[in-house]
Amino acid sequence: LPLSSEENRPPRPPSPVRSSFPPGTAPATNAPAPRSATGPQIVYIDDSPADSRSMSEIVAGLGCGYTNIPNPIQALPMLLEIKPALIFLDLVMPVANGYEVCAQIRRISAFKQTPIIIVTSNDGIADRVRARLVGASGFLGKPIRAQKVAKVLSKHLQLPKPSGRA
């Protein structure tokens, strides 16, 4: 029996999934949903759930919105959707390191002026120089501490200066 024209057709590619989230609020895969806040939107590109949780609590406590992007390969399209005021970027991740991701972000005109802060425990002078060469705006040493994050945010986003000790 000859096959019908339906059976001869190659399978259709799946249609793109549309998000029901308002622009800039879609949660990253395997990431906590961004917390609503009236302040600037902050993105942290890091594959560590523990570091993401710490950063989320600190950033939300400072009145900022927060989104974690655990997969650096997903970072560029998500950043274009979210349009963050500041990006924290882990240096050591699988697939693509922070230097590579930073250089890719800087190639996009929309992010030429967006502060990108490299977050790492590799706090040597060579790491800092290389971070500057790929376009990083600053460096934040691990472990992530509220006082250090608040200082970075106040410097780059003109948020109120941190008070007290953390």
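Keep in mind the model is a prediction, meaning the values are calculated, not measured.
D51 pairs by the salt bridge (Lys or Arg N to Asp or Glu O under 4.0 Å) definition with K142, not counting sequence neighbours. By the side chain to side chain contact (heavy atoms under 4.5 Å, CB included) test, A131 pairs with Y99, I118, A136, F139, sequence neighbours left out. Scanning for side chain to side chain contact (heavy atoms under 4.5 Å, CB included) contacts around A110 gives I108, with sequence neighbours left out. Contacts of R107 classified as salt bridge (Lys or Arg N to Asp or Glu O under 4.0 Å), with partners at least two apart in sequence or in another chain: none. Residues passing the side chain to side chain contact (heavy atoms under 4.5 Å, CB included) test with L157, sequence neighbours excluded: P40, I42, A85, L86, L153, L159. For S137, the side chain to side chain contact (heavy atoms under 4.5 Å, CB included) test picks out R106, P115, I117, H156, with sequence neighbours left out. Every residue was checked against the side chain to side chain donor-acceptor pair (under 3.5 Å) condition with R132, not counting sequence neighbours, and none meets it.
Contact annotation: the side chain of V152 never approaches that of S154 to less than 4.5 Å [non-hydrogen atoms, C-beta and beyond]. Residues D47 and N71 form no side-chain contact, since every pair of their non-hydrogen atoms from C-beta on lies 4.5 Å or further apart. You'll find the side chain of V149 reaches within 4.5 Å of the side chain of F88, heavy atoms only. A heavy-atom distance below 4.5 Å is not found between the side chains of T120 and D127. Two residues are said to be in side-chain contact when any heavy atoms from C-beta on lie closer than 4.5 Å; V101 and P72 meet this criterion.
Under the 4.5 Å side-chain heavy-atom criterion for ILVMFWY residues, a single connected hydrophobic cluster contains both I45 and L80. By the rule that hydrophobic residues join a cluster once side-chain heavy atoms approach within less than 4.5 Å of another member, L76 and I73 end up as members of separate clusters. V95 is not connected to I69 by any chain of hydrophobic side-chain contacts under 4.5 Å among Ile, Leu, Val, Met, Phe, Trp and Tyr, and they are in different clusters. Linking ILVMFWY side-chain heavy atoms closer than 4.5 Å, directly or via other members, places V92 and I105 in a single hydrophobic cluster.
Side-chain contact annotation: T67 with Y44, donor-acceptor N/O pair under 3.5 Å absent.
Checked by atom type and distance alone, the side chain of K112 never pairs as donor or acceptor with a backbone atom of S109 at under 3.5 Å.
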